[in-house]
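What you see below is based on every heavy atom in this structure, not just the backbone, and it leaves out hydrogens, waters and symmetry mates.
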Amino acid sequence: MRLAGPESSVTAEPRARKYKCGLPQPCPEEHLAFRIVSGAANVIGPKICLEDKMLMSSVKDNVGRGLNIALVNGVSGELLEARAFDMWAGDVNDLLKFIRPLHEGTLVFVASYDDPATKMNEETRKLFTELGSRNAKELAFRDSWVFVGAKGVQNKSPFEQHMKNSKHTNKYEGWPEALEMEGCIPRRSVAG
């Protein structure tokens, strides 16, 4: 009697399993899975995915040049509102009216597209810094930026990427490459 050795066993190539928003592994319980992709140059729009729901994308037709911002309830994970703010030709006061009245625990997802900073003023930079941003103070013309912050956050957010617009390192003519960030955000507890 011959026993079949490992060389005769057929093993199928394991396919990488994808989890919510395409993450390589599932998030722990009481965490929200997310993926944010900034826009590429002025051609490919940004995307914001949370818990396998696309909150903002070109397909949903709710993105635009500037800052694309989705506000999410930090306890339930429900989308509160999603809007694009043109930071090249728009009115910065529209953005201020949107982010000034945030409630404690509101999650703020931001993806840049084309130009995130030309219309930014001192108050907008300060508000984003208060939401946990390290880079809002230095954001400049055509930089790429993705960020997740929260109203009432005690320290800097671990969820932020920034790439400077630099003609020496730009991937596209006149623009840096798109940024992609994914992760797991702890849900806020109702009491906290």
From [X] [atom1] over to [Y] [atom2], what is the distance, rounded to the nearest 0.5 angstrom?
| X | Y | atom1 | atom2 | answer |
| --- | --- | --- | --- | --- |
| S144 | N165 | OG | CG | 8.5 Å |
| C49 | L23 | SG | CG | 8.5 Å |
| C21 | K47 | SG | NZ | 11.5 Å |
| L95 | N121 | CG | CG | 8.5 Å |
| K20 | C184 | NZ | SG | 10.0 Å |
| I36 | E180 | CD1 | CD | 10.5 Å |

Between [X] and [Y], is there shared hydrophobic-cluster membership here, with clusters defined by ILVMFWY side-chain heavy atoms closer than 4.5 Å?
| X | Y | answer |
| --- | --- | --- |
| F98 | V110 | yes |
| L71 | F147 | yes |
| L80 | I48 | no |
| L102 | L107 | no |
| M56 | L50 | yes |

Are the side chains of [X] and [Y] in touch, meaning some heavy atoms are under 4.5 Å apart?
| X | Y | answer |
| --- | --- | --- |
| L67 | D86 | no |
| M120 | F128 | yes |
| K119 | F85 | no |

With a 3.5 Å distance limit and no angle check, can you tell me whether [X] reaches the backbone of [Y] through a side-chain donor-acceptor pair?
| X | Y | value |
| --- | --- | --- |
| K156 | L131 | no |
| R65 | M87 | no |
| N68 | G64 | yes |
| R187 | S76 | yes |
| R125 | A136 | yes |
| D143 | A140 | yes |
| H31 | E29 | yes |
| S112 | W145 | yes |
| S57 | K60 | yes |
| R188 | T106 | no |

Practice prompt. Evaluate the side-chain contact (heavy atoms from CB on, under 4.5 Å) criterion for residues L79 and K53: first the C-alpha distance (whole Å), next the side-chain angles of each, then the deciding distance (0.1 Å), finally the verdict.
Written response: CA-CA 10 Å; L79 176 66; K53 287 189 218 79; over 6 Å; no
For the pair [X] and [Y], find out whether any cationic side-chain nitrogen is under 4.0 Å from an anionic carboxylate oxygen.
| X | Y | value |
| --- | --- | --- |
| E123 | R100 | yes |
| R142 | D115 | no |
| E104 | K151 | no |

Discussion item. Check for me whether the distance between the ring centres of F109 and F159 falls short of 6.0 Å.
Written reply: no
* To do: Check whether the ring centres of Y113 and W88 lie less than 6.0 Å apart, and answer yes or no.
  =>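 When the ring centroids of Y113 and W88 are compared, they turn out to be at least 6.0 Å apart.
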Heavy-atom closest pair, residues [X] and [Y]:
| X | Y | result |
| --- | --- | --- |
| N62 | A82 | ND2-CB, 4.3 Å |
| R35 | G22 | NH2-O, 2.8 Å |
| P46 | G39 | CB-N, 3.6 Å |

Query raised in the report: Can you list the steps and then say if M181 with F34 is a side-chain contact (heavy atoms from CB on, under 4.5 Å)?
Result: CA-CA 8 Å; M181 181 173 65; F34 79 90; 4.2 Å; yes
Note to self: side-chain contact (heavy atoms from CB on, under 4.5 Å), that's the test. Do I69 and V108 meet it? Break it down for me.
What the structure shows: CA-CA 7 Å; I69 303 176; V108 181; 3.8 Å; yes
**Report entry** Derivation and outcome, salt bridge (charged side-chain N to carboxylate O under 4.0 Å, His left out), residues K126 and E130
**Finding:** CA-CA 6 Å; K126 182 176 178 285; E130 288 169 1; 2.6 Å; yes
Requested in this report: Please step through side-chain contact (heavy atoms from CB on, under 4.5 Å) for the pair L96 and T124, ending with a clear verdict.
Outcome: CA-CA 7 Å; L96 288 168; T124 54; 3.4 Å; yes
| message | Under a plain distance cut-off of 3.5 Å, with no hydrogens placed, do S133 and E160 share a side-chain donor-acceptor pair? | response | yes
